[in-house]
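Just so you know, these numbers use all the heavy atoms, side chains as well, and skip hydrogens, waters and symmetry mates. Each chain gets a letter, A, B and so on, in the order its sequence line appears, and its residues count up from 1.
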Amino acid sequence: MIPDNLNGAQKRAVEKTDGPVMILAGAGSGKTRTLVAKVSYLLDVLEVSPYKILAVTFSNKAAREMRDRVGANCNLSPGALQITTFHSFCANILRSEARHLGLSRNFTIYDDSESKSVVKVILNKRGINLKELPPSHVLHFISDLKNRGYYEGTPSDEFDEDKQDELFGLFLEYESELHRSNAVDFGGLITAVIQLFEKFPEVRQRYEDRYQYIMVDEYQDTNRAQFELVRILSEKKQNICVVGDEDQSIYSWRGADIRNILDFEKVFPHAEIIKLEQNYRSSKTIIEAATQVISKNLQRKGKSMWTDNIDGDAIDVIECHNDKVEGEFLAKEIKKLKEDGESYDDMAIFYRSNAQSRIIEDSLLKGGIPYRVVAGIKFYERKEVKDLLAYIRVVVNSKDSLALSRIVNVPTRGIGATTLRKIEGEAIRMGCSLWEIVEKISQFPEDFSHIKLSARIKSSFQAFESLVNEVKLGEQNGIAPSAGYDKLLIESGYLQSLKASRDYESLARIENLQELFSAIRQYEESSTSPTLSGFLETITLDTSRDEEENPAGQVALMTVHSSKGLEFPYAFITGAEENVFPSYQSLESDSETAIEEERRLFYVAMTRAMKKLYITFAQGRMVFGNLRFNGPSRFIEEIPKNFYKWVRKGARRTDASSCYDNDEDFNQDTGPSEVNYHDVQINIGNPVKRQSASYQKGQKVTHSLYGEGVVWTTEGFGSEEKVTIKFPGGVLKKFMVKFAPLS
DNA sequence: ACTGTTCGATTTTTT
DNA sequence: ATCGAACAGT
């Protein structure tokens, strides 16, 4: 049955299971609830097999949430449900069908930075100066093509113009380089599946027959290729249900194509459109103000949001003298709310760009307000982490020449640029991969006398080769991935080289490698047949690690983009100035489309607030080292006057820059002045046996890197014991006791 | 192979 | 202001 906590439109959305449907779900309209109800309805009432249902979203977080909720509803193990991201879905298909496309199933997935490296290598090879032709520019061309669904041999003539572009040759070379490396990039995951379906009708039919009900969440974020993919899959049954909100489309710069929404009915002429317009989240004031702002956009289907909620407080628009005063206002106001009994984790501060967070953090720090910065965790982008992952990739997919050349001389083993150039030459000459050359050199060094390798280099190759092969063998024989990682870390000498340079940074790097170790352990526990290659897949397609952080009493700081999908009773939109929000880039481009996207961003930000919305802006702000006077954002002016109250904070009219003159607090050295470089206990592979938790809540500890802190939470015991420590300024860090240099 | 220096760019970042 | 990448010098 359909849960009776759904409203009319939501019920309709649930019941309309056959034929194409587009659900336009405004902010806070109970979209997830409806989707979960719909999948549950298919399963429980229509008794559709979970095997036949496919639901795709964009983020792993969203997929997980939906999977768990449906699983709980219908008493199914979450694993039985095909609720997944576009990219995982495609990666899985490609692993099964890899042979059709001349890939092998252990192919590597390249992320954006690796794609960029490939581009750089190609440009270098062609002797093109990176300044004349920035790699980012080339990469943009390539990913744009892929986002629009192009693959080699696309039948459509839509790409004729692109093929004339001088960059097209680079695209082709890029593609063949990836293919040689047995690698696929993010965009390629999607287009390769489309290609697979186009070229092999029998494969296509298998999947088409299987997925009888297809749902797409966050539809406004789909690009052309993703749309094409679900169109193909649903072509026969036409049971496609897309859910999205054109007003929250904020990823066009990533290839999201709002036309997927605007033109849905053109592709599916009999589509039913259902609008979810009742908002359950925000006060009437907020909803009406936001509705007014977004109504200025022309690129929309048009919904009119309404709510039964109370009117609530007026929006506060705070005019601050400068960005510093803005920060101080935030701290002061948050403190006041706290004193009134509100909780810190009910408050969030949004900014347009990450650069703005620093000054806000400063004020919160000074005000003693605990906060957390919600940001794309860059853990997997760390050099040392990428290095070790590259080792793993060479083990998993030895054709991955990018990974190989990254680590063949890390740590230094005498295989420098010159040697690398030589073996690259050999690889080209013999038409094989770098790894095959490495293997051949190790086995038959005499065959390579013509490239004059010293004895030392030869033995380096041999050591490297046997390490990789031993781990590979271990992987095939079901040795735990973490053990393989251990071996790589230790026998490559990587860990040793870090330990040898006992400086501040190496210490942190070692910790990160320990963190990577626990990530592998975590993965092992969650998987039935863990492998290194499975681990790689998890982390390339799911970067959301570390996001579990306990929001215990912290104000959340984030970009407007990362706020999408979240809600907070109290929300602060900061930097509401021309050239900041909307950003100067979107103004420069002078295109109405760009401004509309900024407006959608502003709309997203406004609709995060439940009870009270603050919008702050500064008269003067430091931008790229210069003081700028931008004036209030046009979006403020688009809010009807009756919805807000204008307040001035330290806003003077003269001598605008004086506030920057005596900045006594800015240059304090906050880092620990002395670091105790005692030997870090490394026990990877030989867990320390401790039977009980050795740390307690509230205990004071000293971390040799971060200084003094207080134990915030503890979990596990013995070698699995983990502690979260709170350092001054509300910074929370989690450590594994057996690794962390704590005293 | 490591280190310092200059130069330049610089929104957003689900995968 | 600040960070990183590219380059030059040791």
Side-chain angles (χ1 to χ4, degrees), chain A residues 56-64 84-91 109-117 120 124 129-131 134-136 143 146-147 184-190 217-218 220-223 225-226 248-256 323 350-359 374-378 380-381 383 409-418 497 501 537-544 547 558-565 575 579-589 594 597-598 600-601 604-605 621-628 660 663 666-667:
Chain A
V56 273
T57 69
F58 273 80
S59 70
N60 288 285
K61 205 169 118 201
R64 246 188 314 262
T84 177
T85 65
F86 270 104
H87 295 269
S88 305
F89 174 67
C90 290
I109 299 168
Y110 280 177
D111 68 18
D112 291 342
S113 82
E114 284 141 359
S115 300
K116 200 173 193 171
S117 304
K120 276 188 197 162
N124 265 328
N129 189 305
L130 298 183
K131 268 170 204 146
S136 56
S143 51
K146 292 191 172 190
N147 285 337
V184 179
D185 62 12
F186 280 141
L189 286 172
I190 316 288
D217 193 10
E218 302 289 6
Q220 74 281 353
D221 293 334
T222 48
N223 60 36
Q226 289 156 339
Q248 294 187 67
S249 166
I250 56 177
Y251 284 103
S252 71
W253 48 277
R254 288 289 247 115
D323 44 4
F350 308 136
Y351 32 82
R352 175 68 240 267
S353 74
N354 284 309
Q356 292 164 249
S357 79
R358 167 161 295 213
I359 195 154
V374 179
I377 301 293
K378 301 221 167 80
Y380 292 112
E381 285 167 30
K383 181 184 177 300
N409 198 33
V410 180
T412 1
R413 36 172 89 83
I415 306 174
T418 322
S497 78
S501 71
E537 175 126 345
T538 325
I539 58 166
T540 11
L541 293 183
D542 184 2
T543 45
S544 66
E547 264 177 33
M558 65 191 88
T559 63
V560 179
H561 281 89
S562 14
S563 78
K564 199 181 81 178
N579 298 313
V580 176
F581 197 176
S583 87
Y584 69 96
Q585 317 234 10
S586 65
L587 294 177
E588 249 171 28
S589 75
E597 179 137 328
E598 294 286 321
R600 290 193 290 268
L601 260 178
V604 166
R621 171 181 304 271
M622 287 303 248
V623 181
F624 301 149
N626 297 91
L627 184 58
R628 285 290 151 78
Y660 282 97
D663 233 346
F666 265 44
N667 294 320

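Regarding A:Ile415, its CD1 atom lies at a distance of 10 Å from the P atom of B:dA1, rounded to whole Å. Counting to the nearest Å, the C1' atom of B:dT10 and the CG atom of A:Asn626 are 13 Å from each other. With rounding to whole Å, A:Arg358 atom CZ is found 12 Å from C:dA1 atom P. One interatomic measurement links the two molecules: CD of A:Gln585 to C1' of B:dT12, which rounds to 10 Å at whole-angstrom precision. The interatomic distance linking A:Gln226 (CD) with B:dT14 (C1') rounds to 10 Å, in whole Å. Nucleotide B:dT13 holds its P atom 13 Å from the CZ atom of A:Phe350, rounded to whole Å. A straight line from CZ of A:Arg621 to C1' of B:dT10 spans 15 Å, rounded to a whole angstrom. Taking atom CZ of residue A:Arg600 and atom P of nucleotide B:dT12, one finds them 18 Å apart after rounding to whole Å.
OP1 or OP2 of B:dT13 has at least one side-chain nitrogen or oxygen of A:Ser562 nearer than 4.0 Å. Contact annotation: A:Thr559 reaches the phosphate of B:dT13 (side-chain N/O to OP1 or OP2, under 4.0 Å). Taking 4.0 angstrom as the limit, A:Asn409 places a side-chain polar atom (N or O) nearer than this to OP1 or OP2 of B:dA1. At B:dT11, none of the side-chain N or O atoms of A:Asn354 fall inside 4.0 Å of OP1 or OP2 (strictly under the cut-off).
For A:Tyr584, the listed nucleotide lying nearest its side chain is B:dT10; candidates were B:dT10, B:dT13, B:dA1. Which of B:dT11, B:dT13, C:dT2 sits closest to the side chain of A:His561 comes down to B:dT13. Residue A:Glu598 places its side chain closer to B:dT11 than to any other of B:dT11, B:dT14, B:dA1.
Judged by centroid separation below 5.5 Å and plane tilt below 30°, A:Phe624 stacks onto the base of B:dT10. Once the 5.5 Å centre distance and the 30° plane angle are applied, the aromatic ring of A:Tyr251 is found not to be stacked with the base of B:dT12.
You'll find the side chain of A:Thr559 reaches within 4.5 Å of the side chain of A:Tyr351, heavy atoms only. Counting only heavy atoms from C-beta outward, the side chains of A:Ile109 and A:Glu537 approach each other to under 4.5 Å.
Two residues, A:Thr412 and A:Ser583, neighbour DNA chain B, and the one matched to the more 5' nucleotide by heavy-atom proximity is A:Thr412. Between A:Ser88 and A:Glu597, the residue anchored closer to the 5' end of DNA chain B is A:Glu597, taking for each the nucleotide with the nearest heavy atom.
Checked against side-chain hydrogen bond (donor to acceptor under 3.5 Å, both in side chains), A:Glu598 has the following partners two or more places apart in sequence or in another chain: A:Arg352. Shown here are the side-chain hydrogen bond (donor to acceptor under 3.5 Å, both in side chains) partners of A:Thr57, two or more places apart in sequence or in another chain: there are none.
Counted by atom type alone, A:Glu114 and A:Ser117 present zero donor-acceptor pairs between their side chains at under 3.5 Å.
Contact annotation for A:Asp111: no contact, since no heavy-atom pair falls under 4.0 Å across all strands.
Shortest non-hydrogen contact noted between A:Thr84 and A:Ser88 is OG1-CB, 3.3 Å.
Taking the six-membered ring where the residue is Trp, A:Phe186 and A:His87 present perpendicular rings, their angle passing 60° and hence far from 30°.
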Using a cutoff of under 3.5 Å, can you pull out all pairs of nitrogen or oxygen atoms linking the protein to nucleotides 5-10 of chain C, with atom names and distances?
none

In sequence, state the C-alpha distance, the side-chain angles, and the governing distance for A:Tyr380 and A:Asp111, and then conclude on side-chain contact (heavy atoms from CB on, under 4.5 Å).
CA-CA 11 Å; A:Tyr380 292 112; A:Asp111 68 18; over 6 Å; no
